[in-house]
Amino acid sequence: MADSEIDHLILGGGAAAATAAVTLRHEDAGCSIMILSADSSPPYYRPALSKQFLLGTASEEQILLHSAEYYREQNIQLVLETEAAALDSATRTVTTLAGERIHYRHLLIATGAGGKRLAVPGADLPGVHYLRGKAECAAIRQEIASGAKRAVVLGASFLGMEIAMSLLDLGLDVTVIEERDRVLTHVESGRVSDYFRRHAEERGATILFSDTVTAIHGNERIREVETRSGGRLPCDLLMVSIGAQAATGFLEGSGIAMENGLVIVDDQLRTNMPNVFAAGDVASFFDPVFGRRRHIAHWDNAIKQGRLASRNMLGRRLRYDEVSYFFCDVGDVSFSMLGAPEEADERISRGTLASKSLALFYLKDNVPRALLSVGRPTEETRSIEGLVRYRVNLYDAKENLHDPNFKLNQIPTQTVLVLQGGGAMGAFECGVVKALEEESIFPDIVAGISIGALNGAIIAGNPRNATQALESFWSELAVTSPILLGEDAARAITASQILTFGVPHFFRPRWMQAFAAPMTPPTAWTSFYDVAPMRELIARYVDFGKLKASPVRLLVGAVNVQSGELEVFDSYIDDLTPDHVLASGSLPPGFPWTEIDGKAYWDGGVISNSPLDLVIDRCGPDGKRVYIVDLFAGQRPLPANIMEVMARRDEIVYSERVRSDLRLREMTEAYRELVDRILDLLEPATQAKIRQRPLYIELMGDGTATGITRFVRQGRDGEPSSRDYDFSDISIRANQEQGYALVKETLRRNGERRATGSAAVPAALIGPSPMPHLLPSVGESDRVAADVLPSRRSRKTEPHSNDITKPRPTGEGRSGETVQ
């Protein structure tokens with residue numbers, strides 16, 4: 001391999017590397033991509049090493065993520081048996097052990113981890129293994145085939161227990177040695193650990209606690225291990241599973257920030273060096289879900305981080321706020337786990353391990369932090385994932401968590417306010433917010449386009465108390481009308497005045513620049529108006545330096561003028577300024593583009609005036625209570641003249657497109673039905689294992705339902721085409737009043753009631769969510785309707801008990817009790 005130039009260089013041959021490469025290719029057809037891997041084969045499914053591949057029930061081809069031919073077809077250079085030796089981040093160069101130099105534009109470090117080495121006498125003897133690769137797994141199988149009968153597994157972690165059970169299935173005599181006092185310590189539950197200890201012992205394993213290996217004896221190969229307690233155990237195979245060591249030695253001297261051998265990255269998986277990212281087992285990342293730095297060495301995390309890192313390599317600026325899963329097979333019992341169980345101060349169980357149907361909820365201060373699930377419905381797991389991700393307080397629901405008849409998807413995770421663009425009609429949104437706040441409905445997320453971005457910034461900057469600020473803001477925009485001439489005439493005169501002279505605190509015409517300002521000839525204009533006054537106004541109403549700490553997340557969309565792509569500015573990721581908000585409202589040719597970091601942006605409504613898409617993209621589709629303010633009515637009579645034609649055109653172009661995506665939903669349901677029918681053909685034990693796999697749960701499980709309520713501005717009969725620039729005090733006041741009245745009436749008809757904090761969920765809007773709920777409840781002047789998506793076929797829910805392994809007296813295992 002000669003020295004080369006690569007757009008996206010990926011170091012590593014695991015899940016993060018493969019996922020990143022495929023994602024890059026899907027999202028950028030023309031870029032060059034190279035995977036540099038020390039392995040001798042294409043990336044493969046490593047969890048199979050301790051199970052199917054070790055048992056010989058899966059071949060090398062079956063565990064490949066993609067064939068070598070696939071990478072060639074996708075024009076992804078897969079360079080095997082080639083290891084990175086050094087990184088020069090200043091020159092953006094990676095040097096291999098063979099001395100080749102590879103120059104990159106973006107680099108992803110995903111080199112994974114190897115097994116932590118045992119530092120005792122005899123550790124180099126043949127027969128000592130660290131199950132971290134396919135070649136070593138094949139060597140272990142060969143030793144067993146050659147007569148190895150007695151095995152010692154050092155470490156009762158998830159991997160250690162899986163190895164032990166597979167060796168038992170292969171007919172070996174197995175002893176597990178664990179330095180701590182229980183197996184599977186990371187489940188943070190003594191009762192769960194005891195159950196799996198008994199299960200392993202019943203299968204034939206011997207388990208020794210509070211002990212470790214201090215020496216290994218043998219001549220040409222291992223024959224015996226010596227323990228700290230003084231015991232000597234005959235041994236043909238020693239399987240060491242005492243942790244992992246990240247493969248980051250080549251980064252020494254690179255300038256990449258490290259901690260305990262791990263690459264330090266932020267919540268976007270960026271290192272301290274430009275255009276260098278890290279993902280998977282090598283990364284110590286800041287986790288915004290748990291508010292601290294974490295390191296997760298599990299398959300699901302590697303896939304999710306590889307996918308997100310690749311998108312950020314393309315400039316997407318997404319933060320890693322996923323809740324990662326992991327799973328484990330201890331013999332014929334499989335479980336999945338998500339979140340951070342070590343944070344819990346309370347555990348509540350649903351079901352029993354004895355019946356192989358258990359959900360163990362881990363809570364801290366009434367907020368779910370983790371879930372352990374054995375044989376439970378996928379919908380339950382998907383629902384708790386959302387509750388963990390968005391830190392939903394379950395104080396009111398905690399008493400019911402033990403009851404399997406209590407559906408977790410009844411608990412909304414976030415309230416979302418979606419604000420459309422529409423110029424002066426944005427005063428309608430001010431009235432909407434006032435009514436919502438009076439009903440104690442406060443958003444966790446506000447997404448806005450154009451004037452909706454300005455309103456949204458004020459809401460995020462004044463959480464739970466935005467009405468006063470919004471009303472003051474709109475009063476400063478109002479232009480006094482000559483009301484003595486009659487309302488219609490006053491509106492028309494004021495609109496004409498605005499076109500000529502602008503709005504004092506919003507925009508001013510190019511033809512009326514200050515005398516001292518440099519003159520720009522009309523032939524060089526890129527807009528008719530200057531929005532400098534709005535930059536000053538919005539800065540008075542929003543403390544942009546505090547937006548990242550606001551409980552309200554702000555999302556605004558703007559179009560990159562040069563690329564033509566819609567970009568999202570996110571207050572939880574970006575350091576927003578007035579320019580980010582102005583960019584969302586820079587509608588040509590009236591307003592100029594806004595420059596941010598050397599890039600020019602126009603109004604996001606040029607591409608999409610539907611910021612609901614921004615929410616789904618950034619915050620996920622599940623568990624939302626969404627309120628959409630639609631400034632452009634969907635139904636109108638046929639226009640009667642050219643001005644009405646132009647006005648109707650804008651209504652159609654900018655109206656909120658809330659789609660049901662029926663065909664996609666039907667196809668998704670058909671695939672799920674097919675998967676379920678295929679599973680029905682398998683043995684129950686195999687079915688149970690598959691249903692605990694993270695990918696199965698995420699694809700087959702319905703998360704918490706999302707309900708949508710729309711508040712559609714109807715305007716008034718004969719409304720002129722000047723409505724979007726009619727900032728007359730008459731129109732602003734009328735829009736505010738209509739927005740306020742419509743919300744009050746819509747909530748009354750939908751049966752929503754006041755609640756402390758967030759509003760209760762309208763019963764009509766609760767439904768299963770196999771994908772984003774996009775069937776709306778429409779609040780209009782003449783009708784209010786709600787639609788509910790059809791349910792999937794029901795899945796079985798096992799009977800429950802209030803303990804993990806056996807029934808408890810009535811009242812135990814509920815809210816307030818720690819179940820271990």
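Using a 4.0 Å cut-off between charged side-chain N and carboxylate O, R46 and D39 make a salt bridge. Looking at R389 and D321, a side-chain N of the basic residue comes within less than 4.0 Å of a carboxylate O on the acidic one, giving a salt bridge. Ion pairing between a basic and an acidic side chain is recognised when a charged N comes within 4.0 Å of a carboxylate O; D570 and R317 show no such pairing. For D345 and K364, the salt-bridge test fails: no basic side-chain N is under 4.0 Å from an acidic carboxylate O. Contact check on R369 versus E342 returns no salt bridge, with no Lys/Arg side-chain nitrogen under 4.0 Å from an Asp/Glu carboxylate oxygen. A salt bridge links E27 with R311: at least one charged nitrogen is closer than 4.0 Å to a carboxylate oxygen. Salt bridge annotation for R101-E5: absent, with no cationic side-chain nitrogen under 4.0 angstrom from a carboxylate oxygen. The pair R382-E385 meets the salt-bridge criterion, with a side-chain N (NZ, NE, NH1 or NH2) lying under 4.0 Å from an Asp/Glu carboxylate O.
Side chain of R25 to backbone of Q74: a donor-acceptor contact under 3.5 angstrom is found. Remark: the backbone N or O of G261 is paired with a side-chain donor or acceptor of T248 at under 3.5 angstrom. Of the possible donor and acceptor atoms, one in the side chain of N312 sits under 3.5 Å from a partner among the backbone N and O of L318. The main-chain N or O of Q562 is found under 3.5 Å from a side-chain atom of N560 such that the two form a donor-acceptor pair. Of the possible polar contacts, none joining the D444 side chain to the V552 backbone as a donor-acceptor pair under 3.5 Å is found. The backbone N or O of D88 sits nowhere less than 3.5 Å from a side-chain atom of T93 that would complete a donor-acceptor pair. Panel note: side chain S571, backbone L554; a donor-acceptor pair is recorded below 3.5 Å. No donor-acceptor distance shorter than 3.5 angstrom exists from the side chain of Q245 to the backbone of G115, with no hydrogens or angles considered. The backbone N or O of V367 lies less than 3.5 Å from no partner atom in the side chain of D365, so there is not a single donor-acceptor pair. The closest donor-acceptor contact from the side chain of S550 to the backbone of A460 lies under 3.5 Å.
A side-chain N or O of S450 and one of D603 form a donor-acceptor pair less than 3.5 Å apart. For the 3.5 Å distance criterion, the side chains of T19 and R307 fail to qualify, holding no donor opposite an acceptor. The closest side-chain donor-acceptor pair between H26 and T23, if any, does not fall under 3.5 angstrom. For T594 and S586, the side-chain atoms include at least one donor-acceptor pair closer than 3.5 Å.
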Atom pairs and distances, donor-acceptor, side-chain atoms in residues 278-285, under 3.5 Å, two or more places apart:
none

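Put simply, CG on L576 and CD1 on I596 are 8.5 Å apart, with the number rounded to the nearest 0.5 Å. Taking NZ from K624 and CD1 from I616, the interatomic distance works out to 8.5 Å, rounded to the nearest 0.5 Å. With values rounded to the nearest 0.5 angstrom, T271 atom OG1 is found 9.5 Å from L251 atom CG.
Considering only residues two or more places apart in sequence or on other chains, F544 meets the ring-ring contact (aromatic ring centres under 6.0 Å, His included) condition with none of them. Residues satisfying the ring-ring contact (aromatic ring centres under 6.0 Å, His included) criterion with Y71, sequence neighbours excluded, are H66.
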(Q) Run the ring-ring contact (aromatic ring centres under 6.0 Å, His included) test on Y45 and W299 for me, step by step, so that the C-alpha distance in whole Å, both residues' side-chain angles and the decisive distance to 0.1 Å come before the verdict. (A) CA-CA 9 Å; Y45 183 66; W299 184 260; 5.3 Å; yes
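Seen from the ring of F286, R293 does not count as a face-on cation partner, given the 6.0 Å and 45° thresholds.
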